[in-house]
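Note on naming: letters A, B, ... go to the chains in the order of the sequence lines (proteins, then strands), and numbering restarts at 1 for each one. Both backbone and side-chain heavy atoms feed into the values below; hydrogens, waters and symmetry mates do not.
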Number of protein chains: 2
Amino acid sequence: MADGERNTVRAVERALDILLCFSSTEMELGLSDIAKRVKLHKSTVHRLLASLESRGFIRRDPHTQNYRLGWRILELVSNVHQSGDLSTVVLPEMTRLRDLLDETISLYIRSGTERIRIQAVESHQPVRRVANIGQRLPLYVGASGKVLLAWSPPEVVEQVLNDPKIPPDLDREEFIRQLERVRENGYAISIEEREAGAAAVAAPVFDRNGQLVAALSVSGPADRFTGAATLRFAEAVTRSAKIIHQILTAG
Amino acid sequence: MADGERNTVRAVERALDILLCFSSTEMELGLSDIAKRVKLHKSTVHRLLASLESRGFIRRDPHTQNYRLGWRILELVSNVHQSGDLSTVVLPEMTRLRDLLDETISLYIRSGTERIRIQAVESHQPVRRVANIGQRLPLYVGASGKVLLAWSPPEVVEQVLNDPKIPPDLDREEFIRQLERVRENGYAISIEEREAGAAAVAAPVFDRNGQLVAALSVSGPADRFTGAATLRFAEAVTRSAKIIHQILTAG
DNA sequence: AACGAGGTTTTGTATAGTGAAACACCCGGG
DNA sequence: CCCGGGTGTTTCACTATACAAAACCTCGTT
């Protein structure tokens with residue numbers, strides 16, 4: 001349904017692709033910039049931008065006249081999270097876990113062949129893992145990715161391993177064995193696997209029906225994720241995942 | 001340019017109107033619901049929703065199959081505010097003011113004939129003003145609205161007073177006199193003007209060129225906004241507005 | 001069974017969306 | 001001065017994309 005190839009409106013998809021140009025670190029973009037990124041003619045982009053601007057999703061910076069995200073996004077964001085939602089319900093326990101470990105706590109869900117960080121509580125330490133809510137990351141790398149795959153149906157693992165973006169040298173059988181190990185351990189560890197200098201430990205969060213709903217992770221600089229600390233993190237994150245499961249079961 | 005009547009793409013505007021159905025308190029909506037709200041045929045709405053879903057702006061709740069805002073909004077929101085931005089720069093001072101007064105502090109900008117709350121720090125009190133970032137409100141009512149108009153060009157005041165949404169019984173001359181009074185005082189007070197039980201005091205924030213950029217307001221339950229307290233709030237909010245002006249001038 | 005509610009699919013058509021070109025403006029260099 | 005390169009804005013001929021209506025499907029209720 002949501003594969004984007006059927007029964008959709010091309011003009012709308014193009015406009016949304018323009019909007020997504022602003023989801024990276026770029027703050028302001030000019031018309032030609034955007035046209036290059038989305039590979040459309042300038043005049044088409046100009047019109048699509050005018051449409052986005054007409055509804056407040058895009059605005060023009062008063063000084064530079066470059067395009068920026070509009071305030072309308074703010075208006076919507078309070079409705080993405082809502083009470084009773086997973087991302088809201090888990091926040092107190094994530095905050096408690098952050099206070100216990102003083103590392104950055106993130107909650108990921110799987111969306112297709114990616115994971116999305118839908119909630120985060122950052123460490124207070126000067127050197128910490130920065131955690132942008134909404135960020136999308138691969139599933140085939142990192143502790144949380146492995147947790148999300150370890151408890152997903154085999155078709156999902158297959159789909160991920162068939163993703164063209166996957167490194168050609170990834171050993172499928174070794175990867176499957178890793179997922180088995182994650183299931184046995186009940187958590188996953190990654191040391192500088194996705195990003196140099198960064199490490200994480202993640203545990204699965206199950207809902208009231210025993211279905212995987214999210215991965216809870218603690219992440220930070222790799223030099224703080226060694227031997228005894230890693231085990232301590234694993235215990236704590238696993239315990240919190242169970243507490244969240246109880247909350248979801250009771251709620 | 002951004003009046004939405006020229007050189008825009010109708011399909012895109014329609015899709016965005018659908019997205020805006022979710023900006024009120026509605027969390028989930030069905031196809032027929034949405035079609036009624038935007039006054040389009042079901043099949044059109046179905047296609048537009050599929051387009052929004054293809055890019056992650058809309059998702060379907062796994063249990064109810066109703067439509068909800070997608071996670072993509074989260075991904076964008078971190079780019080609406082950015083360091084160096086007004087809404088980011090003022091946050092420490094707003095937090096300090098909230099801690100001083102223990103009332104909700106908001107920052108509004110004018111956008112056309114409306115005001116938008118672009119930043120907020122809520123009171124800790126059990127009964128407090130709730131402040132949703134991104135909310136749009138009229139300019140012709142409320143302390144912040146009057147502040148934003150009092151320092152706007154006359155054409156803007158004219159435009160606002162000609163807005164069809166304005167109450168027919170609004171006394172234009174009295175309103176103009178109120179704006180003059182606001183300019184003399186250097187702040188505005190509103191008691192149960194926009195909303196029963198709620199009151200606010202607001203002061204103007206100027207940029208380095210002496211141009212009005214925002215209104216800083218303190219708001220809460222009306223019964224806490226009486227005589228001496230109101231004056232105290234006025235002094236404090238005006239002082240903070242000046243501090244913000246200094247920050248903007250220095251930065 | 002019929003009916004009404006919800007959502008999904010199909011289809012003919014005309015108009016809405018498109019891209020290319022022209023235009024406007026700015027800047028820097030010769 | 002002209003030229004070229006960059007930015008953004010406007011116009012217009014053309015056609016295929018977006019549309020709405022109808023049909024269809026499922027489910028629950030009477």
Could you check how far [atom1] of [X] sits from [atom2] of [N], rounded to whole Å?
{"X": "B/D17", "N": "D/dA18", "atom1": "CG", "atom2": "C1'", "answer": "16 Å"}
{"X": "B/L49", "N": "C/dG6", "atom1": "CG", "atom2": "P", "answer": "15 Å"}
{"X": "A/Q65", "N": "D/dT7", "atom1": "CD", "atom2": "C1'", "answer": "12 Å"}
{"X": "B/I34", "N": "C/dA5", "atom1": "CD1", "atom2": "C1'", "answer": "16 Å"}
{"X": "B/L52", "N": "D/dA18", "atom1": "CG", "atom2": "P", "answer": "13 Å"}
{"X": "B/E28", "N": "C/dG6", "atom1": "CD", "atom2": "C1'", "answer": "15 Å"}
{"X": "B/D33", "N": "C/dG6", "atom1": "CG", "atom2": "C1'", "answer": "11 Å"}

**Study point:** Minimum-distance nucleotide to A/H41 side chain [options: D/dT11, C/dG7, C/dG19]
**Key:**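 The answer is C/dG19.
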
Of the listed D/dA22, C/dG7, D/dT9, the closest approach to the A/L31 side chain comes from D/dT9

Applying side-chain contact (heavy atoms from CB on, under 4.5 Å), name anything that partners [X], two or more places apart in sequence or on another chain.
{"X": "A/I176", "answer": "A/V157, A/L161, A/E180"}
{"X": "A/P167", "answer": "A/Y140, A/D169"}
{"X": "A/S43", "answer": "A/H41"}

For C/dT8 and B/H46 - does any side-chain N or O of the residue sit under 4.0 Å from the phosphate oxygens OP1/OP2?
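Checking C/dT8 against B/H46, a side-chain N or O does come within under 4.0 Å of OP1 or OP2.
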
Base C/dG6 paired with B/S32 side chain (donor-acceptor, <3.5 Å)
no

Would you state whether a donor and an acceptor, one from the side chain of A/S43 and one from the base of C/dA21, lie under 3.5 Å apart?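 Result: no qualifying N/O pair found.
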
message: What I want to find out is whether B/R136 reaches A/E75 closely enough, with some N-O distance under 4.0 Å, to be called a salt bridge.
response: yes

inquiry  = Is a donor from one side chain sitting under 3.5 angstrom from an acceptor on the other, for A/Q159 and A/T113?
reply    = no

For nucleotides 24-30 of chain D, 5' to 3', base contacts (B), sugar-phosphate-only contacts (S) and non-contacts (-) with protein non-hydrogen atoms under 4.0 Å give -------

With sequence neighbours left out, write down each residue that passes salt bridge (Lys or Arg N to Asp or Glu O under 4.0 Å) with [X], or none if nothing qualifies.
{"X": "B/R128", "value": "B/E122"}
{"X": "A/D163", "value": "none"}
{"X": "B/R14", "value": "none"}

Close N/O contacts between protein and nucleotides 16-18 of chain C (under 3.5 Å):
residue, atom, partner, partner atom, Å
C/dG17, OP1, B/R10, N, 3.0
C/dG17, OP1, B/A11, N, 2.8
C/dG17, OP2, B/R10, N, 3.3
C/dT18, OP1, A/R14, NH1, 3.3
C/dT18, OP2, A/R47, NH1, 3.1

Partner set under ring-ring contact (aromatic ring centres under 6.0 Å, His included) for B/W151, not counting sequence neighbours
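Checked B/W151 against ring-ring contact (aromatic ring centres under 6.0 Å, His included); matches are B/F206.
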
